[in-house]
Each structure stands twice: as structure tokens, then as C-alpha cells.
Amino acid sequence: MVVTGKTLLRVSAAAAMASALALGTAGTAAAVGAPVERAIAPEADVSHHGHVSLWGSGLGVWVVSQNSGPSDLPGATVRLRVSVPLAGRQELPGQCLQADRRTVLCRTGPLRADGSQPRQLALELQLQGRPAEVVVRIDTVWNGDVTDRNSANSEHEVLAPATGDEYVF
């Protein structure tokens, strides 16, 4: 089967129409071939810093989240993943929930673009058994649908031996 330029044009025009209708241009259909208006996502720079500490079966996680802008955020969701399963149900602060046997999700609340309202989180998690070490991964799983071009300050992986010492990220 030979595809002509005319056929390709029809497929492209149909795709453009479908895109325009899916995006919704203020309730009107866009003309075929007309540029489709798209909103530019706001940008922010969410960061997470803190430390973890492992002793016996207890894992302490302290996180400070903030935003260096340029846009304010209605909030972000911090994901904490551990390499050792959590011991059953955990007692967690109201802004956190246990997603599965190794994952806890916590919302930060609003984060101002100037970094003036950092949000603090302190957790004491109970792990299965008494591991000699644990790997903790901290990252942002949701950030108010903004673009964050600097994930280096919001994605961390920390190895914490069972010494009771604080390992900083």
C-alpha cells in the first residue's frame, strides 16, 4: 500500500482536530491546521534534606521540604521507600499514609516560592526484624503538577547502618 502526501495530510489534520477537542479550546472546536493553545506548566524547585537513623528495629526519618521557586506550590507529596519491610501497621502523623510494606507517602502542605515556609516531617518507623542496615530512598512523587528541573535536591538514597548515627541527605 502506498501512502500519498494527501493521505498523510488527512491523518495529521484528524490528529490535530482530536488534540484540539481533547484539550478543549474554551468550548469551541479549533480550525484544522490551526495551532493548538497549551498552557505552560509553572516551575518550582522542591528540595528535601534531613537525616535517617537506624537502631534495632527502629528507623528515624527527619525531612525538611522547601521550594526555591519561582512558583508557589499548593503542596507536594514526599515518598519514603525502605529496603526492609515495615513491621505491620505504623503509627504515622496525620499527613502520612503507608502505601505498601516498604513505602510511606507524606504531604507537605503549601510551599512558598521564596523558601520561607519549609515543612518539617519526623517519623519513627518500625522495621521487620533487626536489620544490620537499611537503604532509604526519598523523592517527590507529586508536586502540584509543576515542572522541577532540578531533581538532584529532591531525590536521595541513603544507606543507614544500624549504629544509631544520623546519616545526612
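In what follows, every heavy atom counts, from backbone to side chain, and hydrogens, waters and symmetry copies are set aside. Since the model is a prediction, treat every value here as computed from it, not as a measurement.
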What's the separation between atom [atom1] in [X] and atom [atom2] in [Y], rounded to the nearest 0.5 Å?
X: Leu86; Y: Arg101; atom1: CG; atom2: CZ; value: 8.5 Å
X: Leu73; Y: Asn67; atom1: CG; atom2: CG; value: 4.5 Å
X: Glu157; Y: Ser83; atom1: CD; atom2: OG; value: 9.0 Å
X: Arg107; Y: Leu97; atom1: CZ; atom2: CG; value: 9.0 Å
X: Leu127; Y: Ser57; atom1: CG; atom2: OG; value: 6.5 Å
X: Arg112; Y: Asp72; atom1: CZ; atom2: CG; value: 6.0 Å

May I ask you to test the [X]-[Y] pair for a side-chain heavy-atom distance under 4.5 Å?
X: Val104; Y: Leu125; result: yes
X: Val146; Y: Glu43; result: no
X: Leu123; Y: Cys96; result: yes
X: Leu111; Y: Arg119; result: yes

For residues [X] and [Y], report the shortest heavy-atom separation together with the two atoms involved.
X: Gln90; Y: Gln126; result: OE1-N, 2.7 Å
X: Tyr167; Y: Pro161; result: CZ-CD, 3.4 Å
X: Trp62; Y: Ser53; result: CZ3-CB, 3.9 Å
X: Asn150; Y: Asp148; result: N-OD1, 3.0 Å
X: Pro131; Y: Ala162; result: O-CB, 3.5 Å
X: Pro70; Y: Ala113; result: O-CB, 3.4 Å

Working for side-chain contact (heavy atoms from CB on, under 4.5 Å), residues Val158 and Val135: CA-CA 6 Å; Val158 183; Val135 175; over 6 Å; no
Pair Asp45, Asn153: side-chain N/O donor-acceptor within cut-off below 3.5 Å: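 Side chains of Asp45 and Asn153: pair found under 3.5 Å.
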Val78 and its side-chain contact (heavy atoms from CB on, under 4.5 Å) partner, picked from Thr140, Thr108, Val46, Asn143: Thr108
Worked verdict on Ser154 versus His48 for side-chain hydrogen bond (donor to acceptor under 3.5 Å, both in side chains): CA-CA 5 Å; Ser154 60; His48 309 295; 5.2 Å; no
Carboxylate-amine/guanidinium contact Arg79 Asp139, below 4.0 Å: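 Judged by the 4.0 Å cut-off on N to carboxylate O distance, Arg79 and Asp139 do form a salt bridge.
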Atom CD of Gln120 with >12 non-hydrogen neighbours under 6.0 angstrom: no
Linked, directly or transitively: Val134 and Leu92 (ILVMFWY side chains, under 4.5 Å):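 In one cluster: yes.
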Stepwise side-chain contact (heavy atoms from CB on, under 4.5 Å) test for Val63 and Phe169: CA-CA 9 Å; Val63 180; Phe169 60 91; 3.9 Å; yes
